[in-house]
Structure formats: structure tokens, C-alpha cells
J.: 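Pasting a structure below so you can have a look.
Here the structure is a predicted model, which is why all the values come from computation and not from measurement. Note that these values count all heavy atoms, side chains included, but never hydrogens, waters or copies made by symmetry.
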Amino acid sequence: MKSLRWVMLLLVAMGLIASFWFSQGWLQLCAGLAIFLFGMQCLEEGLRQLAGSKLEQILGRSTSTPFKSLLFGVGGTLLLQSSTLVSLLTIAFISTGLIQLAGGIAILFGANLGATSGIWLLALAGQNLSLSPLALPLLVFGVLAGFFGPRSKAAGRIVLGIAFIFLGIDQIKDGFASFGDGLDMTGYQEGGWRGALLFTAIGMAITVVLQSSHATLMLTLAALAGGQLELGQSLAIAIGSNVGSSVTTAFVGSLGGNRNGQRLALAHVLFNITSGILAFCLLGPLTWLVQALAEPLGLGENSLIQLAMFHTLFNAMGVALFWPLQTRLAQLLIRWLPERSEPQVLITELASEKVAEPERTRARYLNERALDSVEAASGAVVQELGHLGRLSLEVICHALYLPVDQLARAKGDDQLLQARPARGSFEAEHLYQFHIKGVYGDLLSFMGRMELPMDEAHQQFWVSCQLAALQLVDAVKDAKHLQKNLGHYLDAPPSAVRDAYVELRRHLLATLHEVRELARSDLPEEAWLARLRWLDEQAANFDAKFRQRLFAEVRDGRLDGLQTSSLMNDLGYVSRIFQSLRNVLMLGSEQALFRELRKFGEEQESLIRLS
């Protein structure tokens, strides 16, 4: 598959090289588009680096009402000049529980309105205004800013982005001008609807390829100003560019496992397709309305302004249509895409499947788009830590040769605790390799790819998450060592050493139950800490009494030295398992971010239940 992709890339590169050789105008056009897209990338990166985690803080304050969410969508798109990026960031935010579905829908409405800002600026600049003289000094200042610290470098990146966008615009205009009549599509007179449908499809295809409706509209403006397109054709391309911008959102949303992200992606697709179909059906009346509005302003001959006006008009029409339906739309999306029921047990393969080498369990909640935001990435990590925690408890339970449903019981089934290990029971080593190692590796890889600047609180949070994941893995590794002697002695005839291992088994199962309940509880902080202290005391008391019992039985001759050393070592493993799990709980309680992110998640779940 990879070799085929490389062959395709090589063929595309060779085709482009050949086309550049035969057409200077095509080369200019492609170079201008590349510079324009690179400028948008610089602008996006600079704004993200300069904002740090402030974008998320603003987001939290800006989504309390639908109107504030709308304004955030407009403002975010104005700054980043990419409605697709704002949509993908919103999916990342909602997937990790930072915002609610209704707020995300309003942000998408705002992003579509904000996307009209770029085309207005380009249309007002006109075809005769050269932006290169403005770009040259910006290039100088942008490079100089890179020598004065990280924040200055980020600001310089923004300035460079603006400069490259200006240069790209001029290069695209020159590229279209050099084509002359070679790229003239004004003579294409296919029947009204069929012609409009063709140019709508062209606009959609270009946007999907370039991943930017701004770039598509920039090309359309340049072609319109150069006389290679008629106004009606450019209006159809504008409709297609809007529909095309939702394709990336739909693709990324469908890849994520989180239902809220998928719902928001579907909302974006529904909004853009419905608005596009409505604008396409009303293309004639909307064209007349645009010309009627432009005529009194003396802009009847300015096709660029008319294109910008049309783009704003049909996006505003879409927002007006969907705005009263926000709550109803959110409810329908929840009904169409209901929450997946969380399985009671995560590790379900049969013991006989060990030989079949089942596929490794991988991370559930980590996706690349979450790395576009510190807060979204933090929320994804918290969710994945919960997934790793559940897996770890199940592996430890299997290491005790007990079914996972025993974790839910305050006191285990005494008959099961006394029973011998079942034939073909799970091996903790196997479970570690196929259910823990993959998720742990995905977590470390995800956290290592975070490149955005973080404030001190987020840096501490990141370290706490890494330590929590390590503690969970350490607990599983200790359970692997414990299982060896446990299985050997539980399978032996009744004896003092077997009774001691049954007691160890009982104590560790009770500890796992308490840790599980404490992790899921919503007790006030004081009561939660008191419960944890009680658990500490229980563990310390058991440790002391168990040691006393061992030495008493040694004196009575019921245990020999080798058996006692095994029991002492395995008591140490049990103590370390508890300490590791306790440390995970404490890391979570000490980090306010853990609590805040969990609170967001609980609010989202409440919304789903109410809906």
C-alpha cells in the first residue's frame, strides 16, 4: 500500500514537472497557490503559538450562550482565515468534553459566516491593486522578529504569513493573466442547470484537493477578474467550495471514536449541503438580488464585489434557516448517533485465543486533531488514562485468576476465592502484551507529539499524566510477578501456604474494588480524601497482621523458610500494586485540570441524558 502511494506521488510530481516545462502560466499559477497556502499555514501556526492556551480559555468563556458561540466562530475564522481549521478544532474540543454539542453547532454557524471575510478583503483589493509592495517590508520584519525570543518569533510567523498570502495573491493573478484566452471558460454555454451543476462540482473538487475554501475562492476571484470566468460560473463555484469545506470535517469526525465529534461533523455536513442546495435552487433569484443590491451602490459592473456579496448572502441565509433549529438539531443528532454502550468488560477474548495472537488493544480517545489544542489534547489524555485504568484493573483481576465481574463486589465470592485456577486461565504476561502495552505506547507517542507551548499548569498536568500512566503499567507488571507463585500454590492441596495465598487474593480483590469505586465516586474533596486515608490504614493493617501471621506459622512449623520468602515477596507485590493505584488517584486529585476536565465530561453526559 505504501509503495503504491509513493508511485502515485512520483507520477503526480513527474506530471507537474512536465506541465511546468510546457506552460509558464501554469507554473506561475501553481507557485502562487503554493505561496498562498504556505502563508495561511504560517498565519495559523503563528497565531496558535502566540495564543498558547488562551484560545481554550476564551473558548470556555465564549460558549455559554448560542450567540457567544456564534461570535467565537466568526472571530476564530477571521483570525485563522480557515473555517475548516475552526471546524476541526471545534470537533476536537467537543470530543474531549470541553464544550457541549449545541455550543459546537453555533460555532460552526459562525465559522461559515467568518469564512466570507477573506473573500471581501480580496474583492475590495481588486485586480489592479498589487499587494507585493506591501509584502516585501513584511517579509523583512517577519524574519527579524524571529531573533528576539519565542513570542516575538510567533508574532513574526504571523507577519510572514500575511506577507506570503499577499505574494501568493499577486502570483495567482499574474498566472491567470499569462494564460490569456488559453483558460477562458466564459464560452462554456451548457444548459443553465447542467452548467451550474458542473461548476459547483468543480468548486467542491478544488476545495477537497486544496483543503481550503479560501484558496478556491481566491482562484475564482483571480479568474473572474482576468475574464476567464463569468459571474454566474463563479457563483456556482462559490457554492461548491462551501460544500467541499465540510468533506474534511466529515472525514476527520468519522475517524474519531467519540460520538460527539461525529455528531458535530454530521451537523457541519448537513448545514453546508442544505445551504448549498438551497443556494443552488435559488441561484437565479439570488443572482438578481445581488445585482439589485450592487446597482444603487455603483457596483453593477464590479463582479468581484458581487461574488463576495453572494457568498455572504447564502451563508447568512443558511444561518438564518438553522438558527431556530439548534436545539432540535442537537436532539436529532443524538438520536441518529446514540452513545455507544460502554462494555462492562473490556478484555473478552477466550483463553483459547491466546495462541491466535489477537490484535493489540489500541488507544480509543486519541486523535491527531486534538493536538491542535492544548486543552483538547489534555482532555483526550484524561479519557485515555481512564481507558488504560480500566484495562489495568481487569488485567490485575485476571492475574488473580478471578472473573472481572468480581471487581464490582465489595466482598468477593468466597467459593471463587477458594477455588483453584481454571484450566486455560489468562496469563498476565499475555494480557500485558496485548491489552496494556499498545495503549501505553499510543499515550506516550501522542504526548510526545504535542508541540504547542504550554503554561506551567499544563506542563505539570502533562507530567502527572505521564506518571499516572507509568504507575498503572507498574501495577500490571507487579501483578505479572505475583501470578507465578499465586497460580502454583492455589493449584496445590490444602495447606497453610495455600491459605495464606487465598488471603492475599482476597485482600487484593477488595483493594481493587475500593480503588475502582473511589476513582468513579463524586464525593466532595474532603470526604474523598478521608476515604483514601481509610484505605491507606486498611492496607497498612493488613500488611502488619499478615507478616505477624507468617512468622507465627513459621514458629509453629506450618511454613518453611522458602514458603515464607515467597509469601513475603508476593506481599511486597500486593503492597506495590496498591501504592501504584493509590498514586494514580492522588495524581488525579492534586491536578485541578483532571477535575475540571472530568466536570466537563459529566456535564456533557447530563446533556445527553436530558436530551
Side-chain angles (χ1 to χ4, degrees), residues 347 351 354 392-433 436 471-516 535-582:
I347 301 174
K354 289 186 293 185
S392 300
L393 288 180
E394 290 192 16
V395 171
I396 298 170
C397 194
H398 282 301
L400 296 175
Y401 300 104
L402 292 170
V404 173
D405 59 10
Q406 292 296 297
L407 288 172
R409 303 182 62 168
K411 291 184 178 180
D413 186 320
D414 193 64
Q415 190 173 355
L416 283 174
L417 290 169
Q418 295 284 349
R420 297 170 181 266
R423 185 176 297 277
S425 297
F426 287 112
E427 292 178 5
E429 174 63 32
H430 164 79
L431 297 179
Y432 168 74
Q433 291 293 335
I436 300 297
Q471 292 288 323
L472 289 171
V473 172
D474 284 344
V476 172
K477 288 181 176 179
D478 286 328
K480 283 169 29 181
H481 295 302
L482 172 65
Q483 189 182 39
K484 297 174 184 176
N485 283 334
L486 184 67
H488 172 72
Y489 285 109
L490 287 177
D491 205 30
S495 63
V497 66
R498 188 184 190 280
D499 291 342
Y501 272 103
V502 169
E503 196 60 32
L504 268 183
R505 192 189 203 186
R506 189 191 311 277
H507 167 69
L508 184 52
L509 179 64
T511 301
L512 294 179
H513 169 79
E514 289 296 333
V515 167
R516 179 175 178 266
L535 196 53
D536 287 337
E537 293 170 4
Q538 293 292 105
N541 290 338
F542 175 84
D543 192 84
K545 289 179 180 178
F546 193 80
R547 290 173 188 274
Q548 292 171 5
R549 169 184 171 176
L550 293 185
F551 288 111
E553 292 186 345
V554 168
R555 289 192 296 269
D556 293 340
R558 300 180 64 196
L559 291 175
D560 60 31
L562 289 177
Q563 293 170 337
T564 306
S565 66
S566 295
L567 282 164
M568 291 291 285
N569 286 335
D570 291 332
L571 176 62
Y573 288 132
V574 170
S575 298
R576 283 200 290 274
I577 290 170
F578 168 68
Q579 284 301 321
S580 295
L581 298 177
R582 181 195 182 283

J.: Determine, step by step, whether Ser495 and Tyr489 satisfy the side-chain contact (heavy atoms from CB on, under 4.5 Å) criterion, reporting the C-alpha distance in whole Å, the side-chain angles of both residues, the deciding distance to 0.1 Å, and the verdict.
T.: CA-CA 9 Å; Ser495 63; Tyr489 285 109; 5.8 Å; no

J.: Could you tell me whether the side chain of Gln406 reaches within less than 4.5 Å of the side chain of Asp413, counting heavy atoms only?
T.: yes

J.: Check whether any side-chain heavy atom of Ile436 lies under 4.5 Å from a side-chain heavy atom of Val473, and answer yes or no.
T.: yes

J.: Can you find a pair of side-chain heavy atoms, one from Ser580 and one from Leu472, that are under 4.5 Å apart?
T.: no

J.: Evaluate the side-chain contact (heavy atoms from CB on, under 4.5 Å) criterion for residues Leu559 and Phe551: first the C-alpha distance (whole Å), next the side-chain angles of each, then the deciding distance (0.1 Å), finally the verdict.
T.: CA-CA 8 Å; Leu559 291 175; Phe551 288 111; over 6 Å; no

J.: Show your reasoning for whether side-chain contact (heavy atoms from CB on, under 4.5 Å) applies to Arg549 and Asp499.
T.: CA-CA 11 Å; Arg549 169 184 171 176; Asp499 291 342; 3.7 Å; yes

J.: Please answer whether the main-chain N or O of Gly487 pairs with a side-chain N or O of Asp491 as donor and acceptor at a distance below 3.5 Å.
T.: no

J.: Can you see which heavy atom on His398 is nearest to which on Val404, and at what distance?
T.: NE2-CG2, 3.4 Å

J.: Between Ala496 and Glu553, which heavy-atom pair has the shortest distance, and what is it?
T.: CB-OE1, 3.9 Å

J.: Does any part of the side chain of Leu508, heavy atoms only, come nearer than 4.5 Å to the side chain of Ile396, both counted from C-beta?
T.: yes

J.: Tell me, with the steps shown, if Phe546 and Leu504 meet side-chain contact (heavy atoms from CB on, under 4.5 Å).
T.: CA-CA 9 Å; Phe546 193 80; Leu504 268 183; 3.7 Å; yes

J.: Leu431 versus Glu394: any side-chain heavy-atom pair under 4.5 Å?
T.: no

J.: Drop me the distance from Lys480's NZ to Tyr432's OH, to the nearest 0.5 angstrom.
T.: 5.5 Å

J.: On a heavy-atom basis, which atom in Phe426 and which in Gln483 lie closest, and how many Å separate them?
T.: O-NE2, 3.0 Å

J.: Atom CG in Leu486, atom OG in Ser566: separation rounded to 0.5 Å?
T.: 11.5 Å

J.: Kindly compute the distance separating CZ (Arg555) from CG (Leu550), expressed to the nearest 0.5 Å.
T.: 10.5 Å

J.: Do any N or O atoms from the side chain of Arg505 and from the backbone of Tyr401 form a donor-acceptor pair under 3.5 angstrom?
T.: yes

J.: CG/Leu417 to NE2/His507 distance, rounded to the nearest 0.5 angstrom?
T.: 13.0 Å

J.: Kindly indicate whether the side chain of Arg582, heavy atoms from C-beta on, has any atom under 4.5 Å from the side chain of Leu535.
T.: no

J.: Work out which heavy atom in Gln563 is nearest to a heavy atom in Val497; give both atom names and the distance.
T.: NE2-CG1, 3.9 Å

J.: Provide the closest heavy-atom pair for Ala399 versus Ala428 in the form atom of the first, atom of the second, distance.
T.: CB-CB, 4.0 Å

J.: Under a 4.5 Å cut-off applied to non-hydrogen side-chain atoms, are Phe542 and Glu503 in contact?
T.: yes

J.: Quick check: closest heavy atoms across Arg516 and Leu393, and the distance to 0.1 Å?
T.: CB-CD1, 3.9 Å

J.: Test your reading of the model: is there a side-chain donor-acceptor pair from Asp556 to the backbone of Arg558, 3.5 Å cut-off?
T.: no

J.: Using atom types as modelled, flag every donor-acceptor pair under 3.5 Å from a side chain in residues 567-577 to any protein atom, sequence neighbours excluded.
T.:
| residue | atom | partner | partner atom | Å |
| --- | --- | --- | --- | --- |
| Asn569 | ND2 | Ser565 | O | 3.3 |
| Asp570 | OD2 | Asn485 | ND2 | 3.1 |
| Asp570 | OD2 | Tyr501 | OH | 2.4 |
| Ser575 | OG | Asp543 | OD1 | 3.1 |
| Ser575 | OG | Leu571 | O | 3.1 |

J.: Taking side chain as C-beta onward, heavy atoms only, is Leu400 less than 4.5 Å from Leu482?
T.: yes

J.: So, using salt bridge (Lys or Arg N to Asp or Glu O under 4.0 Å) as the criterion, who are the partners of Asp414 when residues are at least two apart?
T.: Arg506

J.: Enter the distance from Leu402:CG to Cys397:SG here, rounded to the nearest 0.5 Å.
T.: 5.0 Å

